[in-house]
Trainee: 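Take this structure, written in C-alpha coordinates, and hold onto it; I'll ask about it next.
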Amino acid sequence: MSLDQFSIIESTLREGEQFVNAFFSPTQKIQIAQMLDDFGVEYIEVTSPLASPQSRKDCEMIAAMGLNAKVLTHVRCNLEDAKVAVECGVDGVDVVIGTSSYLRDFSHGKSIDEIIDLSRDVFEYLKDQNVETRFSTEDSLRSDPEDIFRLYEAVNAQGIDRVGIADTVGIGNPRQIYELVSNLRQRVDTDIEFHGHNDTGCAIANAFAALEAGATHVDTSVLGIGERNGITALGGLVARLYAEDAQYVAKYNLPLLIKLDKTVARMVGVDIPFNNYITGFSAFTHKAGIHAKAVLNNPSTYEILKPEDFGLTRYIHIAHRLTGWNAVKDRAEQLNLTLSDEEIKHITHQIKQLSDEAMLTLDVVDTLLLNAHNGKNGNDVVTQQTAEQEA
Ligand code: HCA
Ligand code: CU
(Lines give C-alpha, C1' and ligand atoms only; values in the text may rest on other atoms or scores of the structure.)
(Ligands and ions follow the chains in the order given, each with its own letter.)
Protein backbone atom coordinates (compact mmCIF):
# COMPACT_ATOMS: atom_id res chain seq x y z
CA MET A 1 0.00 0.00 0.00
CA SER A 2 1.19 3.46 -0.80
CA LEU A 3 -1.34 5.23 1.36
CA ASP A 4 1.22 6.78 3.64
CA GLN A 5 3.54 7.95 0.90
CA PHE A 6 1.40 8.84 -2.09
CA SER A 7 1.61 12.11 -4.04
CA ILE A 8 -1.12 14.20 -5.62
CA ILE A 9 -0.64 15.38 -9.17
CA GLU A 10 -3.03 18.28 -9.23
CA SER A 11 -4.30 18.80 -12.75
CA THR A 12 -6.78 21.68 -12.44
CA LEU A 13 -4.47 23.66 -14.72
CA ARG A 14 -4.37 20.86 -17.33
CA GLU A 15 -7.30 18.43 -17.13
CA GLY A 16 -9.34 21.19 -15.42
CA GLU A 17 -8.70 23.50 -18.34
CA GLN A 18 -10.47 20.90 -20.49
CA PHE A 19 -13.72 21.54 -18.54
CA VAL A 20 -16.20 23.17 -20.88
CA ASN A 21 -16.53 26.36 -18.79
CA ALA A 22 -12.85 26.81 -18.00
CA PHE A 23 -11.02 29.81 -19.36
CA PHE A 24 -8.24 30.72 -16.94
CA SER A 25 -6.42 34.02 -17.42
CA PRO A 26 -2.70 34.07 -16.56
CA THR A 27 -3.54 35.85 -13.29
CA GLN A 28 -6.09 33.20 -12.40
CA LYS A 29 -3.60 30.44 -13.21
CA ILE A 30 -1.09 32.01 -10.83
CA GLN A 31 -3.76 32.27 -8.16
CA ILE A 32 -4.76 28.61 -8.57
CA ALA A 33 -1.15 27.40 -8.63
CA GLN A 34 -0.33 29.41 -5.51
CA MET A 35 -3.36 28.09 -3.61
CA LEU A 36 -2.57 24.51 -4.59
CA ASP A 37 0.99 25.04 -3.47
CA ASP A 38 -0.18 26.47 -0.15
CA PHE A 39 -2.50 23.48 0.22
CA GLY A 40 0.57 21.31 -0.23
CA VAL A 41 0.02 19.18 -3.33
CA GLU A 42 3.24 17.58 -4.47
CA TYR A 43 2.80 18.28 -8.22
CA ILE A 44 0.95 20.76 -10.40
CA GLU A 45 0.30 19.72 -13.98
CA VAL A 46 -0.23 22.43 -16.59
CA THR A 47 -1.56 22.42 -20.13
CA SER A 48 0.78 21.49 -22.96
CA PRO A 49 2.88 24.44 -24.20
CA LEU A 50 2.00 23.26 -27.69
CA ALA A 51 -1.71 23.84 -27.18
CA SER A 52 -1.55 27.57 -28.04
CA PRO A 53 0.94 30.47 -27.84
CA GLN A 54 -0.54 31.68 -24.54
CA SER A 55 -0.43 28.14 -23.12
CA ARG A 56 3.29 28.13 -23.70
CA LYS A 57 3.74 31.47 -21.92
CA ASP A 58 1.56 30.22 -19.06
CA CYS A 59 3.56 27.01 -18.76
CA GLU A 60 6.81 28.99 -18.56
CA MET A 61 5.25 31.37 -16.08
CA ILE A 62 4.04 28.63 -13.69
CA ALA A 63 7.37 26.81 -13.98
CA ALA A 64 9.14 30.04 -12.96
CA MET A 65 6.99 30.72 -9.88
CA GLY A 66 9.40 28.91 -7.58
CA LEU A 67 6.69 26.77 -6.02
CA ASN A 68 7.36 23.95 -3.58
CA ALA A 69 5.25 21.72 -5.80
CA LYS A 70 6.95 20.27 -8.85
CA VAL A 71 5.55 21.64 -12.08
CA LEU A 72 4.74 19.14 -14.82
CA THR A 73 3.48 19.64 -18.30
CA HIS A 74 1.60 17.16 -20.43
CA VAL A 75 2.54 16.37 -24.03
CA ARG A 76 1.92 13.90 -26.83
CA CYS A 77 4.44 11.15 -27.43
CA ASN A 78 6.79 12.78 -29.91
CA LEU A 79 10.22 14.31 -29.76
CA GLU A 80 9.23 17.80 -30.84
CA ASP A 81 6.65 18.10 -28.07
CA ALA A 82 9.09 16.75 -25.50
CA LYS A 83 11.70 19.34 -26.53
CA VAL A 84 9.28 22.25 -26.21
CA ALA A 85 8.17 20.96 -22.79
CA VAL A 86 11.76 20.91 -21.55
CA GLU A 87 12.40 24.42 -22.94
CA CYS A 88 9.59 25.70 -20.69
CA GLY A 89 11.65 24.93 -17.59
CA VAL A 90 9.26 22.43 -16.00
CA ASP A 91 10.36 19.86 -13.42
CA GLY A 92 8.80 16.97 -15.24
CA VAL A 93 7.21 15.89 -18.49
CA ASP A 94 4.08 13.74 -18.63
CA VAL A 95 3.98 11.96 -21.97
CA VAL A 96 0.76 10.33 -23.11
CA ILE A 97 -0.40 8.20 -26.03
CA GLY A 98 -3.59 6.25 -26.71
CA THR A 99 -3.28 2.47 -26.62
CA SER A 100 -6.86 1.24 -26.93
CA SER A 101 -7.93 -0.03 -30.35
CA TYR A 102 -10.36 2.93 -30.47
CA LEU A 103 -7.53 5.43 -30.24
CA ARG A 104 -5.07 3.43 -32.31
CA ASP A 105 -7.57 3.03 -35.13
CA PHE A 106 -9.46 6.33 -34.94
CA SER A 107 -6.95 8.79 -33.44
CA HIS A 108 -3.23 8.39 -34.13
CA GLY A 109 -3.31 5.15 -36.19
CA LYS A 110 -0.14 3.60 -34.69
CA SER A 111 0.50 0.00 -33.69
CA ILE A 112 1.87 -0.95 -30.27
CA ASP A 113 5.29 -1.67 -31.80
CA GLU A 114 5.34 1.75 -33.43
CA ILE A 115 4.39 3.30 -30.08
CA ILE A 116 7.27 1.46 -28.39
CA ASP A 117 9.72 2.81 -31.01
CA LEU A 118 8.37 6.33 -30.66
CA SER A 119 8.56 6.28 -26.87
CA ARG A 120 12.14 4.97 -27.04
CA ASP A 121 13.18 8.14 -28.92
CA VAL A 122 11.25 10.44 -26.63
CA PHE A 123 12.60 8.98 -23.38
CA GLU A 124 16.10 8.63 -24.80
CA TYR A 125 16.01 12.40 -25.16
CA LEU A 126 14.19 13.20 -21.90
CA LYS A 127 16.39 11.13 -19.64
CA ASP A 128 19.35 13.45 -20.30
CA GLN A 129 17.33 16.58 -19.61
CA ASN A 130 17.20 16.51 -15.82
CA VAL A 131 13.40 16.27 -15.71
CA GLU A 132 11.07 13.72 -14.16
CA THR A 133 9.64 11.48 -16.83
CA ARG A 134 6.28 9.81 -17.04
CA PHE A 135 4.61 7.70 -19.70
CA SER A 136 0.88 7.10 -19.65
CA THR A 137 -1.49 5.14 -21.87
CA GLU A 138 -4.69 6.95 -22.69
CA ASP A 139 -7.78 4.73 -22.47
CA SER A 140 -5.82 2.10 -20.51
CA LEU A 141 -8.98 0.31 -19.38
CA ARG A 142 -10.03 -0.47 -22.93
CA SER A 143 -6.50 -1.42 -23.96
CA ASP A 144 -5.14 -4.94 -23.93
CA PRO A 145 -3.30 -5.19 -20.57
CA GLU A 146 -0.53 -7.19 -22.23
CA ASP A 147 0.05 -4.29 -24.66
CA ILE A 148 0.32 -1.86 -21.77
CA PHE A 149 2.68 -4.10 -19.81
CA ARG A 150 4.90 -4.65 -22.84
CA LEU A 151 5.06 -0.92 -23.47
CA TYR A 152 5.80 -0.15 -19.84
CA GLU A 153 8.44 -2.83 -19.52
CA ALA A 154 10.20 -1.20 -22.48
CA VAL A 155 10.22 2.28 -20.91
CA ASN A 156 10.97 0.82 -17.49
CA ALA A 157 14.17 -0.60 -18.98
CA GLN A 158 15.03 2.93 -20.14
CA GLY A 159 14.85 4.13 -16.54
CA ILE A 160 11.78 6.40 -16.64
CA ASP A 161 10.37 7.61 -13.34
CA ARG A 162 6.68 6.82 -13.61
CA VAL A 163 4.10 5.04 -15.71
CA GLY A 164 0.41 5.94 -15.69
CA ILE A 165 -2.89 4.15 -15.94
CA ALA A 166 -5.51 6.47 -17.41
CA ASP A 167 -9.20 5.62 -17.26
CA THR A 168 -9.92 8.19 -19.93
CA VAL A 169 -13.58 7.30 -20.41
CA GLY A 170 -14.43 6.53 -16.77
CA ILE A 171 -15.36 2.94 -17.52
CA GLY A 172 -13.36 1.20 -14.78
CA ASN A 173 -14.70 -0.03 -11.45
CA PRO A 174 -12.59 -0.29 -8.28
CA ARG A 175 -12.10 -4.05 -8.60
CA GLN A 176 -10.82 -3.72 -12.18
CA ILE A 177 -8.51 -0.86 -11.29
CA TYR A 178 -7.16 -2.79 -8.33
CA GLU A 179 -6.43 -5.78 -10.53
CA LEU A 180 -4.79 -3.80 -13.33
CA VAL A 181 -2.58 -1.75 -11.01
CA SER A 182 -1.62 -4.84 -8.94
CA ASN A 183 -0.55 -6.66 -12.09
CA LEU A 184 1.36 -3.64 -13.33
CA ARG A 185 3.06 -3.41 -9.92
CA GLN A 186 4.51 -6.88 -10.57
CA ARG A 187 5.82 -5.90 -14.00
CA VAL A 188 7.63 -2.57 -13.47
CA ASP A 189 9.59 -0.96 -10.68
CA THR A 190 8.81 2.64 -11.61
CA ASP A 191 6.29 4.76 -9.71
CA ILE A 192 2.69 4.27 -10.85
CA GLU A 193 0.20 7.07 -11.46
CA PHE A 194 -3.58 6.76 -11.74
CA HIS A 195 -5.79 9.17 -13.67
CA GLY A 196 -9.50 8.40 -13.57
CA HIS A 197 -12.54 10.01 -15.14
CA ASN A 198 -15.84 10.15 -13.32
CA ASP A 199 -18.44 9.26 -15.95
CA THR A 200 -20.04 6.67 -13.67
CA GLY A 201 -19.15 8.21 -10.31
CA CYS A 202 -16.24 5.84 -9.56
CA ALA A 203 -13.32 8.26 -9.93
CA ILE A 204 -12.60 8.63 -6.21
CA ALA A 205 -13.13 4.96 -5.39
CA ASN A 206 -10.97 3.99 -8.36
CA ALA A 207 -8.14 6.30 -7.32
CA PHE A 208 -8.30 4.83 -3.84
CA ALA A 209 -8.27 1.28 -5.22
CA ALA A 210 -5.23 2.21 -7.32
CA LEU A 211 -3.40 3.40 -4.21
CA GLU A 212 -4.32 0.22 -2.35
CA ALA A 213 -2.94 -1.78 -5.27
CA GLY A 214 0.40 0.00 -5.14
CA ALA A 215 -0.02 3.20 -7.15
CA THR A 216 2.14 6.05 -5.87
CA HIS A 217 0.58 9.08 -7.57
CA VAL A 218 -3.04 10.16 -8.12
CA ASP A 219 -4.30 12.84 -10.51
CA THR A 220 -6.96 15.21 -9.18
CA SER A 221 -8.56 18.51 -10.03
CA VAL A 222 -10.37 21.00 -7.84
CA LEU A 223 -14.07 20.00 -7.74
CA GLY A 224 -13.09 17.26 -10.21
CA ILE A 225 -13.38 19.56 -13.24
CA GLY A 226 -12.16 18.20 -16.56
CA GLU A 227 -13.35 16.75 -19.86
CA ARG A 228 -17.08 15.88 -19.72
CA ASN A 229 -17.94 15.50 -16.02
CA GLY A 230 -14.30 15.41 -14.98
CA ILE A 231 -11.92 13.31 -12.87
CA THR A 232 -11.16 12.45 -9.23
CA ALA A 233 -11.91 15.55 -7.16
CA LEU A 234 -9.14 16.80 -4.89
CA GLY A 235 -11.56 17.20 -1.97
CA GLY A 236 -13.13 13.79 -2.58
CA LEU A 237 -9.79 12.01 -2.59
CA VAL A 238 -8.81 13.83 0.59
CA ALA A 239 -12.11 12.82 2.23
CA ARG A 240 -11.64 9.17 1.21
CA LEU A 241 -8.09 9.05 2.57
CA TYR A 242 -8.96 10.96 5.75
CA ALA A 243 -11.75 8.46 6.44
CA GLU A 244 -9.16 5.70 6.25
CA ASP A 245 -6.73 7.51 8.54
CA ALA A 246 -6.55 11.28 9.04
CA GLN A 247 -2.76 10.96 9.21
CA TYR A 248 -2.64 10.15 5.48
CA VAL A 249 -3.71 13.70 4.64
CA ALA A 250 -2.19 15.49 7.63
CA LYS A 251 0.53 16.75 5.27
CA TYR A 252 -2.00 19.02 3.52
CA ASN A 253 -3.36 22.36 4.69
CA LEU A 254 -6.93 21.08 4.87
CA PRO A 255 -8.72 24.35 5.81
CA LEU A 256 -7.63 25.73 2.42
CA LEU A 257 -9.87 23.26 0.62
CA ILE A 258 -12.98 25.42 0.94
CA LYS A 259 -11.12 28.41 -0.50
CA LEU A 260 -9.84 26.33 -3.41
CA ASP A 261 -13.31 24.93 -4.15
CA LYS A 262 -14.98 28.34 -3.88
CA THR A 263 -12.36 30.12 -5.96
CA VAL A 264 -12.30 27.60 -8.79
CA ALA A 265 -16.11 27.28 -8.77
CA ARG A 266 -16.39 31.05 -9.17
CA MET A 267 -13.77 31.14 -11.94
CA VAL A 268 -15.58 28.51 -14.00
CA GLY A 269 -19.06 29.84 -13.25
CA VAL A 270 -20.52 26.93 -11.27
CA ASP A 271 -21.70 26.45 -7.68
CA ILE A 272 -20.04 23.99 -5.34
CA PRO A 273 -22.47 21.04 -5.56
CA PHE A 274 -24.73 20.89 -2.45
CA ASN A 275 -23.59 17.30 -1.83
CA ASN A 276 -19.90 17.91 -2.42
CA TYR A 277 -17.42 16.08 -0.22
CA ILE A 278 -16.42 18.29 2.74
CA THR A 279 -17.34 21.64 1.15
CA GLY A 280 -20.92 21.06 -0.04
CA PHE A 281 -23.31 23.28 1.93
CA SER A 282 -25.02 20.33 3.64
CA ALA A 283 -21.89 18.23 4.20
CA PHE A 284 -21.94 18.85 7.96
CA THR A 285 -25.65 19.50 8.51
CA HIS A 286 -27.62 17.06 10.65
CA LYS A 287 -31.38 16.98 10.55
CA ALA A 288 -33.34 14.03 11.97
CA GLY A 289 -33.96 14.27 15.73
CA ILE A 290 -32.29 10.92 16.41
CA HIS A 291 -29.15 12.00 14.54
CA ALA A 292 -29.11 15.43 16.17
CA LYS A 293 -29.36 13.97 19.68
CA ALA A 294 -26.49 11.56 19.10
CA VAL A 295 -24.31 14.16 17.34
CA LEU A 296 -24.82 16.57 20.23
CA ASN A 297 -23.63 13.87 22.63
CA ASN A 298 -20.74 12.80 20.42
CA PRO A 299 -20.26 14.09 16.85
CA SER A 300 -18.50 10.87 15.80
CA THR A 301 -21.81 9.02 15.97
CA TYR A 302 -22.76 10.39 12.56
CA GLU A 303 -19.60 12.14 11.37
CA ILE A 304 -16.49 10.43 10.04
CA LEU A 305 -14.96 13.73 8.97
CA LYS A 306 -14.38 16.36 11.64
CA PRO A 307 -15.52 19.72 10.23
CA GLU A 308 -13.06 21.60 12.44
CA ASP A 309 -10.13 19.82 10.76
CA PHE A 310 -11.23 21.52 7.54
CA GLY A 311 -11.90 24.91 9.16
CA LEU A 312 -15.65 24.30 8.94
CA THR A 313 -18.49 23.98 11.45
CA ARG A 314 -21.36 21.55 11.83
CA TYR A 315 -24.93 22.71 11.77
CA ILE A 316 -27.92 21.10 13.41
CA HIS A 317 -31.12 21.85 11.57
CA ILE A 318 -34.05 21.96 13.98
CA ALA A 319 -36.88 23.84 12.25
CA HIS A 320 -38.68 20.84 10.73
CA ARG A 321 -41.05 18.03 11.57
CA LEU A 322 -38.32 15.40 12.02
CA THR A 323 -36.80 17.44 14.84
CA GLY A 324 -36.24 16.16 18.38
CA TRP A 325 -36.37 17.86 21.76
CA ASN A 326 -32.66 17.40 22.49
CA ALA A 327 -31.76 19.50 19.48
CA VAL A 328 -34.35 22.12 20.40
CA LYS A 329 -32.97 22.22 23.94
CA ASP A 330 -29.49 22.76 22.54
CA ARG A 331 -30.79 25.70 20.53
CA ALA A 332 -32.38 27.21 23.66
CA GLU A 333 -29.04 26.91 25.41
CA GLN A 334 -27.28 28.60 22.49
CA LEU A 335 -29.74 31.49 22.92
CA ASN A 336 -29.17 31.54 26.71
CA LEU A 337 -32.81 30.79 27.45
CA THR A 338 -33.74 28.83 30.55
CA LEU A 339 -36.60 26.47 29.85
CA SER A 340 -37.55 23.22 31.53
CA ASP A 341 -37.47 19.94 29.64
CA GLU A 342 -41.27 19.93 29.75
CA GLU A 343 -41.39 23.36 28.10
CA ILE A 344 -38.85 22.30 25.48
CA LYS A 345 -40.88 19.17 24.71
CA HIS A 346 -44.02 21.27 24.34
CA ILE A 347 -42.25 23.63 21.91
CA THR A 348 -40.88 20.65 19.98
CA HIS A 349 -44.45 19.45 19.59
CA GLN A 350 -45.45 22.90 18.30
CA ILE A 351 -42.57 22.90 15.80
CA LYS A 352 -43.70 19.53 14.46
CA GLN A 353 -47.29 20.72 14.10
CA LEU A 354 -46.34 23.97 12.41
CA SER A 355 -43.89 22.34 10.03
CA ASP A 356 -46.49 19.80 8.97
CA GLU A 357 -48.27 22.82 7.48
CA ALA A 358 -45.34 24.67 5.88
CA MET A 359 -41.57 24.83 5.82
CA LEU A 360 -40.34 26.63 8.94
CA THR A 361 -37.41 28.96 9.43
CA LEU A 362 -35.07 29.01 12.39
CA ASP A 363 -36.50 32.44 13.21
CA VAL A 364 -39.89 30.91 13.93
CA VAL A 365 -38.35 28.34 16.25
CA ASP A 366 -36.34 31.02 18.00
CA THR A 367 -39.51 33.07 18.44
CA LEU A 368 -41.30 30.13 20.06
CA LEU A 369 -38.39 29.65 22.42
CA LEU A 370 -38.11 33.35 23.23
CA ASN A 371 -41.83 33.65 23.87
CA ALA A 372 -41.83 30.72 26.24
CA HIS A 373 -38.88 32.20 28.08
CA ASN A 374 -40.20 35.78 28.15
CA GLY A 375 -43.75 34.67 29.00
CA LYS A 376 -42.67 32.98 32.17
CA ASN A 377 -40.28 35.77 33.09
CA GLY A 378 -42.93 38.48 32.64
CA ASN A 379 -41.28 40.02 29.56
CA ASP A 380 -43.00 41.01 26.35
CA VAL A 381 -43.93 38.18 24.09
CA VAL A 382 -42.32 38.63 20.66
CA THR A 383 -44.46 38.08 17.60
CA GLN A 384 -42.93 36.27 14.72
CA GLN A 385 -42.96 39.50 12.76
CA THR A 386 -41.03 41.50 15.33
CA ALA A 387 -38.55 38.67 15.66
CA GLU A 388 -37.97 38.78 11.93
CA GLN A 389 -37.64 42.55 11.93
CA GLU A 390 -35.05 42.38 14.66
CA ALA A 391 -33.09 39.68 12.88
C1 HCA B 1 -6.14 13.91 -22.34
C2 HCA B 1 -6.29 12.51 -21.89
C3 HCA B 1 -6.03 12.20 -20.45
C4 HCA B 1 -4.57 11.93 -20.16
C5 HCA B 1 -4.28 11.31 -18.84
C6 HCA B 1 -2.85 11.04 -18.54
C7 HCA B 1 -6.88 10.96 -20.17
O8 HCA B 1 -7.08 14.66 -22.20
O9 HCA B 1 -5.09 14.24 -22.86
O10 HCA B 1 -1.98 11.69 -19.12
O11 HCA B 1 -2.57 10.18 -17.70
O12 HCA B 1 -7.86 11.05 -19.47
O13 HCA B 1 -6.52 9.94 -20.74
O14 HCA B 1 -6.48 13.26 -19.60
CU1 CU C 1 -8.19 12.88 -18.47
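All ligand and atom numbering here is 1-based and tracks the order in the structure. Only this structure's heavy atoms are used, side chains among them; waters, hydrogens and symmetry mates stay out. All figures in this text were calculated on a predicted structure; none of them were measured in a lab.
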Trainee: Test the Arg162-Tyr43 pair against the cation-pi criterion, namely NZ or CZ under 6.0 angstrom from the six-membered ring centroid and within 45° of the ring axis.
Mentor: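 Flagged: Arg162 positioned over aromatic ring of Tyr43.
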
Trainee: Against the six-membered ring of Phe39, is Lys251 placed for a cation-pi contact (under 6.0 Å from the centre, within 45° of the normal)?
Mentor: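 Because its charged atom misses either the 6.0 Å distance or the 45° angle limit, Lys251 does not stack over Phe39.
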
Trainee: Give a yes or no on whether Glu15 keeps an N, O or S atom under 2.8 Å from the Cu ion (ligand 2).
Mentor: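 True for Glu15.
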
Trainee: Heavy-atom count around Lys352 NZ within 6.0 Å, excluding the residue itself: above 12?
Mentor: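 Correct, the count exceeds 12.
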
Trainee: List by chain and number: which residues place a heavy atom under 4.0 Å from ligand 1?
Mentor: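 Within the 4.0 Å shell of ligand 1, which is judged on heavy atoms, sit Arg14, Glu15, Gln18, His74, Val96, Arg134, Ser136, Glu138, Ala166, Thr168, His195, His197.
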
Trainee: Between Ser143 and Thr99, do the side chains contain an N or O donor and an N or O acceptor separated by less than 3.5 Å?
Mentor: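 Yes - a donor-acceptor pair under 3.5 Å links their side chains.
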
Trainee: Using side-chain heavy atoms (C-beta onward) and a distance below 4.5 Å, is Arg104 in contact with Lys110?
Mentor: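 No; the side chains remain at least 4.5 Å from each other.
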
Trainee: Can Asp37 and Lys70 be counted as an ion pair, charged N to O under 4.0 angstrom?
Mentor: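 Here Asp37 does not pair with Lys70 in a salt bridge, since their nearest N and O are not under 4.0 Å apart.
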
